[in-house]
Amino acid sequence: MSNLVIFLGPPGAGKGTQAVTIAKEKNLAHISTGDMLREHVSNETELGKIAKTLLDEGKLVPDSLVIEMLQERLLSNDCVNGAILDGFPRTIAQAKSLDKISEEFKISKVIVFEADRDELIKRILNRGETSGRSDDTEKSVSVRLEVYENDTAPLIEYYEQRNLVSKINAVGEVENIYNLILKEFE
Ligand code: ADP
């Protein structure tokens, strides 16, 4: 059975930045559903065509599409040792689908990244100046934060009931936050 570690938190909290280095250190695959969807958009696949407008507007891509994409990704060889899920699940329906495939994969922990709203907006708009991400705009950011509060934040309680949650303060030096996360793996 392989372990899944879920990185949960609002947009701009630094999940992706930390997931890259932690995945290397712990020999886990890094699965970012956002990155995968952006790749579909740039390759103009069927999924990419559906996802493009939703991504730009900061809205979620329909559960069924994202769930299918993730299930397929988990079959790859690089996931045998487990994976960090960065940006999935984002809804209760997605979380329930993950529970169903957990015969081969066990959710071992959920790291919740905490940062205040002003900090998140500042980071995303800064990133928007260099990232070229078409959803790092003021309009899309406020939608993304609202979607997070409504659809994704309830997952914290969902996993707290199973004692899987560790909350970390995601404001500070990248390296300090990295060390906080590593401690959760001990
Ligand atoms: P951020 O966390 O900064 O919003 P992501 O790269 O994780 O960035 O996600 C970017 C966008 O991709 C989301 O706003 C959404 O449109 C889409 N997306 C990513 N993951 C999911 C998911 N699990 N379910 C639905 N949509 C998703």
Side-chain angles (χ1 to χ4, degrees), residues 4-20 22-23 29-43 45-74 83-101 105 107 110-156 158-159 168 170-171 174 177 181:
L4 296 178
V5 179
I6 296 171
F7 280 14
L8 191 67
K15 302 183 296 292
T17 305
Q18 297 292 345
V20 170
I22 300 274
H30 170 211
I31 303 182
S32 160
T33 45
D35 285 349
M36 291 174 77
L37 289 167
R38 280 185 287 277
E39 210 173 302
H40 276 280
V41 171
S42 68
N43 292 336
T45 66
E46 283 308 306
L47 173 56
K49 283 177 201 156
I50 299 168
K52 186 180 183 337
T53 321
L54 295 166
L55 255 83
D56 285 350
E57 291 174 351
K59 295 177 186 160
L60 294 181
V61 174
D63 286 332
S64 57
L65 300 178
V66 183
I67 288 166
E68 200 188 312
M69 181 182 81
L70 182 92
Q71 281 177 340
E72 207 183 297
R73 176 69 182 85
L74 283 174
I84 295 178
L85 300 185
D86 161 15
F88 187 98
R90 252 176 160 92
T91 64
I92 296 280
Q94 292 180 15
K96 287 188 171 155
S97 78
L98 195 57
D99 290 336
K100 286 197 194 124
I101 55 165
F105 291 96
I107 300 169
V110 178
I111 312 251
V112 174
F113 287 60
E114 295 186 317
D116 58 79
R117 189 186 166 89
D118 288 349
E119 173 75 19
L120 296 169
I121 295 175
K122 194 177 80 188
R123 286 186 191 176
I124 295 172
L125 296 182
N126 270 339
R127 180 174 71 185
E129 287 172 13
T130 49
S131 70
R133 259 178 71 169
S134 50
D135 62 343
D136 281 348
T137 61
E138 224 165 316
K139 199 166 161 204
S140 173
V141 170
S142 69
V143 176
R144 281 153 69 198
L145 288 170
E146 199 183 315
V147 168
Y148 177 76
E149 285 309 322
N150 292 337
D151 297 332
T152 309
L155 293 177
I156 299 173
Y158 182 86
Y159 289 120
I168 57 131
V171 184
V174 171
I177 299 164
I181 299 170

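For ligands, and for the atoms within them, numbers begin at 1 and follow the listed sequence. In what follows, every heavy atom counts, from backbone to side chain, and hydrogens, waters and symmetry copies are set aside.
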At what distance, to the nearest 0.5 angstrom, does CD1 of I31 lie from CZ of F88?
-> 9.5 Å
Reported CG-to-CG distance for the pair L55 and L60, which is rounded to 0.5 angstrom = 9.5 Å
Distance filter under 4.0 Å to [X] heavy atoms, resulting ligand 1 atoms:
X	answer
K59	15 (C), 16 (O)
P11	1 (P), 2 (O), 3 (O), 4 (O)
Q94	22 (C), 23 (N), 24 (N), 25 (C)
R38	6 (O), 10 (C)
F88	23 (N)
V66	22 (C), 23 (N), 24 (N), 25 (C)
T33	19 (C), 20 (N), 21 (C), 23 (N)
K15	2 (O)

Answer yes or no: is there a side-chain heavy-atom contact under 4.5 Å between I111 and I168?
-> yes
Heavy-atom neighbours of Q71 CD exceed 12 at 6.0 Å | yes
Do other residues, nucleotides or ligands put more than 12 heavy atoms under 6.0 Å from the CD atom of E119?
-> yes
Can you tell me if [X] uses its side chain to pair, donor with acceptor, with the backbone of [Y] under 3.5 Å?
X	Y	answer
Q94	R90	yes
K15	P10	yes
S140	D136	no

Under 3.5 Å between any N/O of [X] and any N/O of ligand 1: does that happen in this structure?
X	result
G87	yes
S32	no
V61	yes
D135	no

Could you check which of R127, R90, R144 puts a non-hydrogen atom nearest to atom 13 (C) of ligand 1?
-> R90
Heavy-atom proximity to atom 12 (O) of ligand 1, best of D136, L55, D35 | L55
Test item, [X] contacting ligand 1 (heavy atom, 4.0 angstrom):
X	value
M69	no
R123	no
E57	no

Record the part of R133 in heavy-atom contact with ligand 1 below 4.0 Å; permitted values are side chain, backbone, both and neither.
-> side chain
What residue and heavy atom of the protein are closest to atom 18 (N) of ligand 1, and at what distance?
-> L37 CD1, 3.4 Å
Does the distance from a Lys or Arg side-chain N to an Asp or Glu carboxylate O, for [X] and [Y], drop under 4.0 Å?
X	Y	result
K59	D135	no
D35	R38	yes
K52	D56	yes

Start with the C-alpha distance between T91 and D63, add both sets of side-chain angles, then the distance that settles side-chain hydrogen bond (donor to acceptor under 3.5 Å, both in side chains), and finish with yes or no.
-> CA-CA 8 Å; T91 64; D63 286 332; 3.0 Å; yes
